[in-house]
Amino acid sequence: MMAHFQDVSKQSSLHPKPAELVSQYGTAGFRANAKLLDHIMFRMGLLAALRSKKTKATIGVMVTASHNPEEDNGVKLIDPMGEMLLQTWESYATQLANAEQEDLLTALKDVIEKEAINMSQEANVFVGKDTRSSSSSLSQAVLDGVAALGGHSKDYGLVTTPQLHYMVRCQNTQGKYGEATVEGYYKKLCQAFIQLINNKASNCTDDQKHLSVDGANGIGALKVHEMESHLKKELLISLFNDGSKGKLNHQCGADFVKVQQKPPTGIEINPGERGCSFDGDADRIVYYYTDSDGRFHLLDGDKIATLISTFLKELLTQASLDLKIAVVQTAYANGSSTHYLENTMKVTVVCTKTGVKHLHHAAQEFDIGVYFEANGHGTVLFSEAAEEKIQQLAENPGTDDERKRAALLLQNTVNVINQTVGDAISDMLLIEAILAIKGMTIQQWDAMYTDLPNRQLKVKVSDRRVIDTTDAERRAVSPAGLQEAIDSLVKKYKQARSFVRPSGTEDVVRVYAEAEAQESTDALAHEVSLAVYRLAGGVGDEPKPLH
Ligand code: NG1
Ligand code: ZN
């Protein structure tokens, strides 16, 4: 045991912490300029080894900063079932990351003691990285950290975030979830996709099978390309922003498209054709098309959740299966989507705080939990009991044809979905299958409900922690007077709603507004930004009106 700590001391001096740097394990792990992350990576290697010893299972470490600019990087840990790291361990992550060089061993021993970790237990860690130029040396730092505690690691190299989550779950279920290889991932998803597509409404023309994909110049592009041969020409993909020339996430990718509400650069797409954008680590997806008047239409995470839950609900009815389905959203969900889900579709809707872990946990409370952030991160969770019921029905020789067809469709839907985390590739395959089965165009999908105009803005303040929120972040409890100010601004407009919260991934306060018309939405977003600037310690220039 002492030998381990000697190794840690020796190795950690090769990954020194810049003095006085303070970092926090936020909404999606650590994220910062890549130059500030080497020590954190090493220490997350250490922490992953400890987490593995504690859980007696394989743990994942993904090196990525998702939709952030190329210069940034980040790291997140993956728990045994492919889920986000347990919340109590997030504070250990923060403690380890912030320990000054000479205090690292004390911080490490503190975790070991608090968690009563048996240090003679084996440790196994899977490591993956995105395509950022900094990712190679940073993932090496993670591997060094695992090795310093005598842990074993497997380096998956370039993979999407959800692929690494999938690997971890496969490994810890002894292959029950699938084979823990990239090939195994394509096989599982594509087989299910092909089986689903066999139920399509009519013979699809090549036009209907065609989809333009914006790979955000990131890892998703490489992986879509790798997967193509498994699709047996049932989906014809034109890949744009594949990383061969453009910069990662620059003027492209899911975050750009969602926030700017316009198509990415570098994509060619005719009016009416379907396009979609991944983010930098391929755990988010949004769809879009341009109509014959040249108007851009975005189908975000809310539209995706609506399409998927409608499909599942229809199948449950056809299969006469009594399973409780719910949709989990955040405050960023468009008000129209919530209204449609509750009043037209009559499904339960739950609102949680921003951050996938919150949505994931809420979704686990139901037989079938569909969760999506408006930005396109989401998936579907099936309880074990739900999966069993579906399987029994599919395999029961007494089941009549209609029920059997629905049960088989449900079974293949379960298999095409990555239940560990939101997955752009898996979501794309499911959406394409649903559209084909229902014989639905993207315009028809878009017409399920009409989004309220909405706007997201950022305000810089000197310390964003002065803003505290409640009610799933829909109301601010501090600083004094801010919520009252927002309330009176909202009252000025029809169908209006607005809220503010400190970002967990950027040093800004986010402002969200929606209202009856785009102009009033933009005015409201601006007025609320001003209120934040004035009441929460804004820095730099005062926010300017949008028009
Ligand atoms: P923050 O920066 O906390 O708003 C953003 C997204 C989250 C989530 C995380 C992690 C919005 C408004 N926020 O968090 O939904 O995806 O990044 O990537 O989209
Ligand atoms: Zn991402």
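Numbering of ligands and ligand atoms starts at 1, following listing order.
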For the residue pair [X] and [Y], what are the closest heavy atoms and their distance?
X      : Y      : answer
Pro264 : Phe256 : CA-CE2, 3.9 Å
Phe278 : Ala216 : O-CB, 3.4 Å
Val421 : Met84  : CG2-CE, 3.6 Å

| Test: Lys223 and Asp423 ion pair at under 4.0 Å |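 The answer is no: the pair does not qualify as a salt bridge.
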
| query | Is the closest basic N to carboxylate O distance between Asp155 and Lys129 below 4.0 Å? | reply |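 Salt bridge between Asp155 and Lys129, a charged N being under 4.0 Å from a carboxylate O: no.
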
| message | Under the rule for ring pair (Phe, Tyr, Trp, His ring centres under 6.0 Å), what residues qualify as partners of Phe499, not counting sequence neighbours? | response | Tyr332, Tyr512

| query | Among protein atoms, how many N/O/S atoms lie less than 2.8 Å from the Zn ion (ligand 2)? | reply |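 For the Zn ion (ligand 2), protein nitrogen, oxygen or sulfur atoms under 2.8 Å: 4.
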
Atom pairs, nitrogen or oxygen, ligand 1 to protein, under 3.5 angstrom:
{"residue": "ligand 1", "atom": "2 (O)", "partner": "Ser503", "partner atom": "OG", "Å": "2.5"}
{"residue": "ligand 1", "atom": "2 (O)", "partner": "Thr505", "partner atom": "N", "Å": "3.3"}
{"residue": "ligand 1", "atom": "2 (O)", "partner": "Thr505", "partner atom": "OG1", "Å": "2.5"}
{"residue": "ligand 1", "atom": "2 (O)", "partner": "Arg510", "partner atom": "NE", "Å": "3.4"}
{"residue": "ligand 1", "atom": "2 (O)", "partner": "Arg510", "partner atom": "NH2", "Å": "2.7"}
{"residue": "ligand 1", "atom": "3 (O)", "partner": "Thr27", "partner atom": "OG1", "Å": "3.2"}
{"residue": "ligand 1", "atom": "3 (O)", "partner": "Arg501", "partner atom": "NH2", "Å": "2.8"}
{"residue": "ligand 1", "atom": "3 (O)", "partner": "Gly504", "partner atom": "N", "Å": "2.6"}
{"residue": "ligand 1", "atom": "4 (O)", "partner": "Arg501", "partner atom": "NH1", "Å": "2.8"}
{"residue": "ligand 1", "atom": "4 (O)", "partner": "Arg510", "partner atom": "NE", "Å": "2.6"}
{"residue": "ligand 1", "atom": "15 (O)", "partner": "Glu373", "partner atom": "OE1", "Å": "2.9"}
{"residue": "ligand 1", "atom": "15 (O)", "partner": "Glu373", "partner atom": "OE2", "Å": "2.7"}
{"residue": "ligand 1", "atom": "15 (O)", "partner": "Asn375", "partner atom": "ND2", "Å": "2.9"}
{"residue": "ligand 1", "atom": "16 (O)", "partner": "Arg284", "partner atom": "NH2", "Å": "3.0"}
{"residue": "ligand 1", "atom": "16 (O)", "partner": "Glu373", "partner atom": "OE1", "Å": "2.9"}
{"residue": "ligand 1", "atom": "16 (O)", "partner": "Asn375", "partner atom": "ND2", "Å": "3.4"}
{"residue": "ligand 1", "atom": "19 (O)", "partner": "Asn375", "partner atom": "ND2", "Å": "2.9"}

| Inter- and intrachain pairs under salt bridge (charged side-chain N to carboxylate O under 4.0 Å, His left out), touching residues 244-256, at least two apart |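 Of all non-adjacent pairs touching residues 244-256, those that pass salt bridge (charged side-chain N to carboxylate O under 4.0 Å, His left out) are Glu71-Lys247, Asp255-Arg284.
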
| request: Please name the residue in the list Asn334, Leu359, Val350, Leu341 that meets the side chain to side chain contact (heavy atoms under 4.5 Å, CB included) test with Gln329. | output: Leu341

| task | Would you check, one step at a time, whether the test salt bridge (Lys or Arg N to Asp or Glu O under 4.0 Å) holds for Arg51 with Asp79? | result | CA-CA 8 Å; Arg51 181 82 186 134; Asp79 256 1; 2.8 Å; yes

